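Quantities reported herein were computed from a predicted structural model and do not represent experimental measurements. Note on naming: letters A, B, ... go to the chains in the order of the sequence lines (proteins, then strands), and numbering restarts at 1 for each one.
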Protein chains: 2
Amino acid sequence: ALSTFRSICGEDGVSLATAVREQHGKDESVHRCRPPDVVVFPRCVEEVSALAKVCHDNRLPMIPFGTGTGLEGGVGAVKGGVCFSLRKMNQILDFHQEDFDVTVEPGVTRKALNAYLRDTGLWFPVDPGADASLCGMAASSASGTNAVRYGTMRENVINLEVVLADGTIIHTAGKGRRPRKTSAGYNLTNLFVGSEGTLGIITKATLRLYGIPEATVSAVCSFPSVQAAVNSTVQILQAGVAIARIEFLDDVMINACNMFSSLSYPVTPTLFLEFHGSEQSLAEQVNTTEEITQANGGSDFQWARDAETRKRLWKARHDAWYAAQALRPGCKAYSTDVCVPISQLPQIIVETKTDLIENKLTGPIAGHVGDGNFHCLMVVDPNDPEELRRVHLFSERLARRALAMNGTCTGEHGVGLGKRALLYEEMGSMTMQVMQGIKDTLDPNNLMNPGKVLLPREPQSEK
Amino acid sequence: ALSTFRSICGEDGVSLATAVREQHGKDESVHRCRPPDVVVFPRCVEEVSALAKVCHDNRLPMIPFGTGTGLEGGVGAVKGGVCFSLRKMNQILDFHQEDFDVTVEPGVTRKALNAYLRDTGLWFPVDPGADASLCGMAASSASGTNAVRYGTMRENVINLEVVLADGTIIHTAGKGRRPRKTSAGYNLTNLFVGSEGTLGIITKATLRLYGIPEATVSAVCSFPSVQAAVNSTVQILQAGVAIARIEFLDDVMINACNMFSSLSYPVTPTLFLEFHGSEQSLAEQVNTTEEITQANGGSDFQWARDAETRKRLWKARHDAWYAAQALRPGCKAYSTDVCVPISQLPQIIVETKTDLIENKLTGPIAGHVGDGNFHCLMVVDPNDPEELRRVHLFSERLARRALAMNGTCTGEHGVGLGKRALLYEEMGSMTMQVMQGIKDTLDPNNLMNPGKVLLPREPQSEK
């Protein structure tokens, strides 16, 4: 098939995988690097479709690749096959300023889009941290710090162009359609959002945009307990404060940030907040928030309006990942990801901290607390298999704790390789049969990113 | 099967259809009344499941029925069969105040839920006008006046319990799960939202709730043209005003309202607005909005804060449906429903008004203009087949006009019977094959609300 691939996307559009092993090794510390047999670099949807047809006829697995910033091993080629690197398709298409929408190819990252939009008064708010490909963010149902205000990819994708396993090109909401709402037929857009490449290759995404807020205010506040921070969060949401970000850092995380960035925050549970709005409404939001945090025993409330001071105030949150890694030089960070009903956060965080201590693990906690979503940033020695095993077992216990509290084993990172068994526990066998049925319909030969999301059927057939 | 039905849900839980013909005749003027052979009234999900198994074994069509307030013939029993009336399942379950969620059975309407929530500080905002069943609203992907702020059912359903065609009970996000966000597996919740009963019977819905706003302000403003009203809408959204409702009424509609409710609004395109927030932020939102409307030639800007005056101000909008009907006593109203990118609204409304005049049709226009969604409230003599035919052709032209502008043939009413052919035009044949594939997987014998959403395959096999 190699020569056919070359005839489709050119000599430099095909690469043997050894050359790109690097880009598949990012999450090596937890998910073993599994390079594909070959990488293709299509330049347009027609090439993706033609390549997919060849793969389909030759029963070759296909693995879509955006920026490789996913955290659950979603781009590993567990059965070998052909990696579709989509970085050459990097056009921003069909920007409609009055309609608050834009269409992007899979090579466009969120930062590239926002740079493009800078002078238009609009922006795309979903922010998972990494400068990920927007189509990859759609594929993994990404979200991040400001989902509490603007929603996740689920709420912000209007239409997708998708190449199916046999090369068929579809548009989930019909070609070129971009109404802000619709009730026309089955919601295929949100079936492909979060499908992690297992149902098709996303080659275009039409996204919803928002007006850039007139002003932004950041704030930080320390709390005597996790419960006090969470109570404040619930009350802020109940008060109708249109909070843009509300991030929780535990004492271990704060301590790491203090050391890493030479800061001096009190080493207690802390909320980092951001407000978007008009100058006038911001003052009111900040006042309401300060009243609520004070009533819950919050202290050291600081807030900042100008960009420079805001940046300084939020530096701890922004550098959390690096601060965590710096706790143990030479180690790698791996992020867990569970989401529970907000009221369950204090209990799960307290239990999880006990678990970390008992098992001698380093895992400062940072969370999108307005959504009930939090991460333990596990810092682990990749050369210590025993510690890796302990991290793995801890991560499973954490997920099961979230499930026992009516939560989910993944709030935003997806299932990938690592959470397949947990997904079956979360959904139950009947619901998983429906998912498997949909997979079989769309990809009967199991060629699309095989081995991800769903467990192989043979050994689990009685599950 | 009748005696089995009786053994499952009791003597008074089964009714021959003639007795309930009435409730299936609501949209008679456009979609012919098609009563089922029998109506069953299950009292719990186990009964729904047992009944479905019997229907499945006997290959009897199943038609879920909530309140019958749908507008596209979704509850008609086009192939006879068994209507599942779910009104006896009317419990509100698992209210979680701190987590902003609640679970309801299919007999619970939105007004019943909001009455229940009244003293909790929370509410469920999706409001399609009718006091519809919340599970029915989920099934038809309903929205309404305040979707611009709070989203549609798509954004506000967290989990669904569904009985599949063979009686299997599934939970789309796993049993009891209610995280505010998740990226665990395929998004089955949003596959069933909007499936109009064709994939399964929704027997429980877990919904997202919101804090009741501290205060509400209503406003009305008249415009010299449709363009001026739409420009104002776009600018209000761009300015980041968190508008809760922004409703457009055309001159014909305003005239009808003036006559019906003895009002004296200028007979021009008019916006009805509603703002939710704190007292202080409302003043600012109103000021910003008034500035924008004035800059676009808006006049007669009125606003009101107290409940009584607000009610009076919005009376025209609230009574629009009755005001339209009153234009021609003895006639029935039928609502069209298209949605286009906002920038296209002026053109499509102007073209549509010309079409109405040329075809001597009465169809005042009301729209959820912040979403690009609008309705012509067609007032038609149900005994005049020629006029009914003209309305039908007009409605098709309107939908095609929306499609030509990258919009959808239905923003919120769904496909039902009337828009199946249009759905194929909107989606294209490849996308429809995917929808059909999903239907075949979940309901291989085509027993779930057959004849809705998808066209029968035989005559369209080459489409």
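Neither the backbone nor the side chain of B/L422 has a heavy atom closer than 4.5 Å to any heavy atom of chain A. For chain A, no part of B/N159 is nearby; none of its heavy atoms comes within less than 4.5 Å. Residue contact with chain B, scored on non-hydrogen atoms closer than 4.5 Å, involves the side chain of A/L188 exclusively. The part of B/L423 that comes within reach of chain A is its side chain, from C-beta onward, which places non-hydrogen atoms under 4.5 angstrom from that chain. Of the atoms belonging to B/Q97, heavy atoms from both backbone and side chain fall under 4.5 Å from chain A. Both the backbone and the side chain of A/V415 come within contact range of chain B, judged by heavy atoms closer than 4.5 Å. Contacts between A/T410 and chain B at a heavy-atom distance below 4.5 Å involve backbone atoms as well as side-chain atoms. For a residue to count as touching a neighbouring chain, one of its non-hydrogen atoms must lie under 4.5 Å from one of that chain's; by this rule A/E426 touches chain B with backbone and side chain alike. Contact of A/N373 with chain B is made through the side chain alone, with heavy-atom distances under 4.5 Å. Contact of A/T168 with chain B is made through the side chain alone, with heavy-atom distances under 4.5 Å. Using a 4.5 Å cut-off between heavy atoms, B/A147 touches chain A through its side chain atoms alone. Interface residue B/S140: only backbone heavy atoms are found under 4.5 Å from chain A. Of the atoms belonging to B/R154, it is side-chain heavy atoms, and not backbone ones, that fall under 4.5 Å from chain A. For B/V234, the parts lying near chain A are the backbone and the side chain together; criterion is any non-hydrogen pair under 4.5 Å. Within the 4.5 angstrom heavy-atom criterion, atoms from both the backbone and the side chain of A/P341 approach chain B. Contact of A/T288 with chain B is not made at all, since no heavy-atom distance falls under 4.5 Å. Proximity to chain B (any heavy atom under 4.5 Å) is restricted, for A/L164, to the side chain, taken from C-beta onward.
Per-residue counts of heavy-atom pairs under 4.5 Å with chain B were compared for A/A239, A/G437, A/G407; the largest is that of A/G407. Contacts with chain B were tallied for A/G151, A/G211, A/G414; A/G414 has the most, counting heavy-atom pairs under 4.5 Å. Of the listed residues B/Q235, B/E155, B/Q280, the one with more heavy-atom pairs under 4.5 angstrom with chain A than any other is B/Q280. Ranked by heavy-atom pairs under 4.5 Å with chain A, the list B/S143, B/S195, B/S343 is led by B/S343. The choice from A/H96, A/Q238, A/E196 that makes the most heavy-atom pairs within less than 4.5 Å of chain B is A/Q238. For the set A/A142, A/C409, A/A173, the entry with the most heavy-atom pairs within less than 4.5 Å of chain B is A/A173. Interface check for chain A: of the options B/E214, B/Q285, B/K439, B/E412, the most heavy-atom pairs under 4.5 Å are formed by B/E412. Of all the listed residues (A/G411, A/G240, A/G174, A/S141), the one sharing the greatest number of non-hydrogen pairs under 4.5 Å with chain B is A/G411. Highest contact tally toward chain A, considering only B/I342, B/D371, B/T441, is held by B/D371 [criterion: heavy-atom pairs under 4.5 Å]. Between chain A and the options B/L122, B/T198, B/T189, B/I169, the largest number of non-hydrogen pairs under 4.5 Å is found for B/T198. Each of B/L403, B/I158, B/V453, B/D337 has some count of heavy-atom pairs under 4.5 Å with chain A, and the biggest count is that of B/L403.
Within the 3.5 Å criterion, the main-chain N or O of B/N190 finds no donor-acceptor partner in the side chain of A/N190.
Looking at heavy atoms from C-beta onward, B/N231 lies in side-chain contact with A/E98 at the 4.5 angstrom threshold. At a threshold of 4.5 Å between non-hydrogen side-chain atoms, the residues A/Y186 and B/L199 count as touching. B/L191 has its side chain within reach of A/I438: a pair of non-hydrogen atoms, C-beta onward, lies under 4.5 Å apart.
Residue pairs that meet the ring-ring contact (aromatic ring centres under 6.0 Å, His included) test with at least one member in residues 147-172 of chain B, sequence neighbours left out, are B/W123-B/Y150, B/Y150-B/Y210, B/Y150-B/H276. Residues in residues 275-289 of chain B take part in these salt bridge (charged side-chain N to carboxylate O under 4.0 Å, His left out) pairs, two or more places apart or across chains: B/E279-B/R305. Within the structure, the salt bridge (charged side-chain N to carboxylate O under 4.0 Å, His left out) test picks out the following pairs touching residues 158-176 of chain A (sequence neighbours left out): A/E161-A/K204.
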Worked check of side-chain contact (heavy atoms from CB on, under 4.5 Å) between A/V434 and B/L442
CA-CA 7 Å; A/V434 173; B/L442 289 171; 3.5 Å; yes
Could you give me the CA-CA distance, side-chain angles and deciding distance for A/N406 and B/D99, then say whether side-chain contact (heavy atoms from CB on, under 4.5 Å) is met?
CA-CA 11 Å; A/N406 297 321; B/D99 298 323; over 6 Å; no
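To the nearest 0.5 angstrom, A/L282 atom CG is 11.0 Å from B/S281 atom OG. Atom CD1 of A/I170 sits about 10.0 Å away from atom CE of B/M427, to the nearest 0.5 Å.
Contact residues of residues 177-185 of chain A toward chain B are A/R177, A/R178, A/P179, A/R180, A/K181, A/T182, A/S183, A/A184, A/G185 (heavy-atom distance under 4.5 Å).
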